[in-house]
Every structure is written in C-alpha cells, then in structure tokens.
Amino acid sequence: MTQDELFKVLVAHCKEYGFIFPSSEIYDGLAAVYDYGQMGVQLKNNIKNYWWEAMTRLNENIVGIDSAIFMHPRIWEASGHVGAFNDPLIDNKDSKKRYRADVLIEDYLGKIEEKIEKEVAKGRKKFGEAFDEAQFRATNPNVLREKAKWDEVHNRYVAAEKANDFAEYRQIIIDCGIVCPISGTCNWTEVRQFNLMFSTSMGSTADGANLIYLRPETAQGIFVNYLNVQKTGRMKIPFGIAQIGKAFRNEIVARQFIFRMREFEQMEMQFFIKPGTELDWFKKWKETRMKWHVNLGMGADNYRFHDHEKLAHYANAATDIEFNFPFGFKELEGIHSRTNFDLGNHQKFSGKKIEYFDPEENTSYTPYVIETSIGVDRMVLAVLSHSYTVEPLENGEERVVMRIPAPLAPIKVAVMPLVKKDGLPELAQKVVDELKYDFSYQYDEKDSIGKRYRRQDAIGTPFCVTVDHDSLVDGCVTVRERDTMKQERVKIEDLRAMIEKKVSLTNLLRNL
C-alpha cells in the first residue's frame, strides 16, 4: 500500500468509526471544513488537555486566557495582517484550478528528496551492515545528480522568497516543468497576492456596519490582553500567557484532510521576556516543545526541526517542528522569536503605553516574546496517521488497530459481558459503576467477543474487560491489552489502579 493509498484509507476509517466527518455532508459538504465525531472530539479534547496542563500546571509563570474571536479591526492593521497576510496565488488556465505557487515548488523539492531517499534505501538494502550512508550520499552519482538539482531550485526559491519576487516564483514553476495535477499542463497565470483573512460586518444596519475580521490567529488576543493579565496576575518577567481557540484562514488550497483547513484550532503560548535574552529562551522552548511531542511515544525519528530561511516580518528567529505525516515531513508546530513587534505596534496604534517596569533594574521596557504555536487539528492528524496499523494475525486474518497513545485515547476501557444472560450483564454493569467516574468507557454486549475486540481496536481503546462465568465465582475479570492482545485475570477491585497506571495524563506529565 502506497502512502497516498494509506492516507485515503485513514480518511475513510475516521469517518466510519466516528472520528471526523465532512461538514454539512447531507448538503454535499463544504470544502476544507470538517466536523469532529464522538471519538474525534474526545481525542481532540485529550490533546488539548495534555497541552494545557503541560503549559499552565507545570509552569507556575504561565497562565491561560480565552479571548474573543471578534476583535477591533485596528488590531489587524497593527499586527500587519491587513497589509501583509498574503499567499502567492497562481491559476492553471486549462483546469481553472487555483494553487499556492510556493507549495507547488515545495512539493517539487519534496519529490526530489523522495528520489534521493529511495536511492539511499536501495544502497542500504544492497550493502546491509557494511552500508556507509554518509559516503553513499557523497559519492553515488544518482544521489549527487538529484542533490544538485535540489540545490539549484532551492537556492532560487529562497532568493525569490526573500525578495518577494512573484515573477521568479512563476519562472521556477515553468523551468521545473511543474504541471497542474488536473490538466497536466504548464499553462499558468502570473503569480499574485491573495489575502487570507475572512471579513464580515458588525452592526445593526448595513449602512452603519463596521468591517471586522475573523481572527487568522489567536496570538493577538494574548497581546492586547498583556496589560490586563500582567497587572491582575502580578506577573513578573519572564512569564507566559497560553490560549486555545479557533482561527480562520481563507486558504487558497485547503487540502490533505484536516492538515490545512479554513476553520481550525490553535494552541498558542506567548512568553514575555527581557530584550537581549530572546535567543536563549528560543533555544529553551525548542527543547521543551520537542520533549512534549516525543513524550507521547510516537518515535523521536518522526520529528525534526526545520529552521526558517525567510523570517516573518515580526521575527528574528524561527523554526518548525515537523512530523512525518503520510505525505512527508510537514509543519506541526512553530516556535518564533517575535521580538517586541506586536506589543510595540499595539502601543503605537492604540496610543496606550504597553511596557513592563523592572523593579530590580528600575527601568521600563517593551518585552520581547517567544511564541509556541501548534495546530490542534494537525496534532490530531499526526496521532491518527501514526496510530493507524493493519496487523496480520496468526490465523491469516488481519486486524485494524489504532495505537493511539493511551492517555489520549477517546475510550480508555470497554466492559463486556461474555454473554447476555446468567447474571453477567448485571455484574458487568457493576464493573462499569466502579470505573465510570475515572475513565471514559463503553459498554458492549452485542456480537461475538472477537468482533467486539475488533471494534475497540479500531477506535484505539487500550483495555477491554470481559466478565465471564468464572467472574461470578472468583470476582476476577479478563483484561485484554490493545497493543499486545495479551490477556490476564485481574480482581475487580484492582482494575482501576491497573488501568490508571497506563492511561493517566498525570503520569504522562510526570515524564516531562
């Protein structure tokens, strides 16, 4: 199964088992908008809870807020979004389809990287333990040829980005023979800017309405509340403000399921610091955030840093934590040193003094900021795509299992009477009553026990508890573990402690 085929199967699985649905599906859907089903919303909430507790409970100098989606339109002028929040747009004249020019080039570079990795994989298979990857990359003619091609295109692309040269974007696309995937032609329009903000109006009448925007990020709600939080919380620098909330971007090309959507959710933290210390804090937060990801146990080799070569107008350092999605390494979280751009501009546009008085140095200054920003939906996709596994069984059949990290699993335990008679459902209900205050659960008595196990595997439930006839005698139940399928007898009174040990968010946080 190719990676593309795997991704399509995953999308279908998410719908079939109640993780994610196309929005407004009975009206033929709405492009790049999705609804979270009963399993998906639990997974999403567990991810948000893991982030929130790691930020606000484990750091006594970080607090949380929840700012409004509607904000004064001058805020977006101060932040630079009205004038500079644009993507390079290009259309194919034959298919009439619209694309981001930079994404077309990045995908082309990604295909070259895939060719290089395939050559390396061939070499590894051919030479076995004697394989010297560094030497192979430095001497293999196929690798060197593709690397030279990659370097040439990449250097042109970086130069075009820095110069904001849209004509060069188009020329790179033409020179590389990048075609529209629909029409298969290179019949491209010129590249032009496209502002990503959704606008609406606020007011009781059309004539008296004010133009406002749906926020394209949650960060500005933190910046405009800096003074409120700092004063009411008696916060001392360094300190942070965290927020989880919806954001909206009118993406040119929203694609790859929930990876790029027009309505999405962000988990952002702005950390306010003394000017001159930003690069030290930038390094610290890079390490802290990577540890948070790796702590989930999805494999350290599935993450990497990608430093920005072209910095945003507000940043003096920036990096992405990329995850190995089914379609390659892509951005999962951004970490930026935003300098004092935001607070400085809000001070300028609002006319309000936004500074911090340092009692130790008896001086005032506008704080610098380190930002960590992660897309909740991308995090959900990372967990789902890594967890989806088709596993062969000894009897020649297969099982589909979602190996979701146990603390994030939507359902922690399923309770099942072996049969629907002989007092087993009643005892199973007593087990549910023992567990339901601590864990999300399902009670299932329909179909054979094997089919019930498969259903729980498909939604990622870590434990299945089966009540059988022996349970009526010895007070024990059979506990089946999802990943290994091993079964053991456990006393009913010991169940809670056993399950808690593996699914506890507290234990996950202790590892940070």
Side-chain angles (χ1 to χ4, degrees), residues 1-7 102-162 168-169 171-179 256 259 279 282-311 317-335 378 382 385-390 403:
M1 185 182 297
T2 67
Q3 292 290 62
D4 187 51
E5 290 170 338
L6 172 62
F7 194 57
D102 56 338
V103 171
L104 288 175
I105 298 170
E106 288 173 3
D107 286 349
Y108 177 81
L109 290 170
K111 289 177 182 177
I112 297 177
E113 291 173 355
E114 287 178 9
K115 290 181 181 179
I116 293 173
E117 294 307 316
K118 285 181 180 178
E119 288 294 333
V120 173
K122 288 179 185 177
R124 187 178 293 110
K125 183 177 181 180
K126 180 179 179 180
F127 297 106
E129 294 182 359
F131 181 62
D132 185 333
E133 183 172 333
Q135 183 181 11
F136 185 85
R137 289 179 180 271
T139 58
N140 181 271
N142 292 335
V143 171
L144 292 175
R145 183 180 63 252
E146 295 298 331
K147 182 64 168 60
K149 186 191 302 183
W150 188 93
D151 287 340
E152 179 190 357
V153 176
H154 180 256
N155 290 339
R156 288 181 63 186
Y157 173 50
V158 170
E161 269 199 316
K162 290 180 177 177
E168 177 65 359
Y169 274 148
Q171 194 57 50
I172 293 171
I173 290 171
I174 298 296
D175 292 346
C176 293
I178 299 173
V179 301
Q256 293 167 328
F259 181 80
L279 295 184
F282 178 73
K283 180 181 178 181
K284 180 182 184 300
W285 277 109
K286 279 180 63 175
E287 295 169 352
T288 301
R289 293 306 304 145
M290 181 61 85
K291 186 175 181 181
W292 182 90
H293 287 283
V294 174
N295 189 44
L296 286 171
M298 296 198 298
D301 57 340
N302 283 315
Y303 302 90
R304 71 183 186 188
F305 286 113
H306 173 72
D307 294 332
H308 290 207
E309 295 181 64
K310 179 187 177 184
L311 296 175
T319 193
D320 294 333
I321 294 176
E322 294 185 334
F323 182 77
N324 190 16
F325 289 97
F327 40 84
F329 276 96
K330 296 291 182 180
E331 178 190 354
L332 181 58
E333 176 165 6
I335 302 160
R378 289 189 180 188
S385 61
H386 179 266
S387 301
Y388 183 86
T389 308
V390 179
R403 298 185 185 276

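A pairwise comparison of heavy atoms in Leu279 and Ala317 identifies CD2-CB, 4.0 Å as the closest pair. Between Leu104 and Ile173, the shortest heavy-atom distance links the atoms CD1-CD1, 4.0 Å. Between Ile335 and Phe282, the closest heavy-atom pair is O-CE1, 3.3 Å. Between Met290 and Ile321, the shortest heavy-atom contact is N-CD1, 3.8 Å.
The shortest side-chain heavy-atom distance between Phe127 and Asp132 does not fall under the 4.5 Å cut-off. Here the side chains of Glu322 and Lys330 are not in contact, with every heavy-atom distance at 4.5 Å or above.
Arg145 pairs by the salt bridge (charged side-chain N to carboxylate O under 4.0 Å, His left out) definition with nothing, not counting sequence neighbours. Listed by chain and number, the residues in a salt bridge (charged side-chain N to carboxylate O under 4.0 Å, His left out) with Lys149 are Glu146 (sequence neighbours excluded).
A cation-pi geometry, defined here as NZ or CZ lying under 6.0 Å from the six-membered ring centre and within 45° of its normal, holds between Arg304 and Phe329. Figure legend: Arg289 and Trp285 shown without cation-pi pairing, the cationic atom not lying both under 6.0 angstrom from the six-membered ring centre and within 45 degrees of its axis.
For the atom pair SG of Cys176 and CG of Leu109, the computed distance is 7.5 Å after rounding to the nearest 0.5 Å. In this structure, Lys291 NZ and Tyr303 OH are separated by 14.5 Å, a value rounded to the nearest 0.5 Å. The OH atom of Tyr169 lies 5.5 Å from the CG atom of Asp102; values are rounded to the nearest 0.5 Å. A distance of 4.5 Å separates CZ of Arg156 from CG of Asp175, quoted to the nearest 0.5 Å. To the nearest 0.5 angstrom, Asp320 atom CG is 6.0 Å from His306 atom NE2. The distance from atom NZ of Lys118 to atom NZ of Lys115, rounded to the nearest 0.5 Å, is 9.0 Å.
With no hydrogens or angles considered, a side-chain donor-acceptor pair links Tyr157 and Glu106 at under 3.5 Å.
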Determine, step by step, whether Phe323 and Arg378 satisfy the side chain to side chain contact (heavy atoms under 4.5 Å, CB included) criterion, reporting the C-alpha distance in whole Å, the side-chain angles of both residues, the deciding distance to 0.1 Å, and the verdict.
CA-CA 9 Å; Phe323 182 77; Arg378 289 189 180 188; over 6 Å; no
Step by step, work out the salt bridge (Lys or Arg N to Asp or Glu O under 4.0 Å) result for Glu113 and Lys147.
CA-CA 8 Å; Glu113 291 173 355; Lys147 182 64 168 60; over 6 Å; no
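A 6.0 Å sphere centred on NZ of Lys284 holds more than 12 heavy atoms belonging to other residues, nucleotides or ligands.
Formation of a donor-acceptor pair under 3.5 Å by the Asn155 side chain with backbone atoms of Asp151 is found in this model. The closest donor-acceptor contact from the side chain of Thr288 to the backbone of Lys286 lies at 3.5 Å or more, if one exists at all.
The residues Asp107 and Lys111 are annotated as not salt-bridged, no charged nitrogen and carboxylate oxygen being separated by less than 4.0 angstrom.
Using cut-offs of 30° and 60° for the angle between ring planes, the Phe327 and Phe259 rings count as perpendicular.
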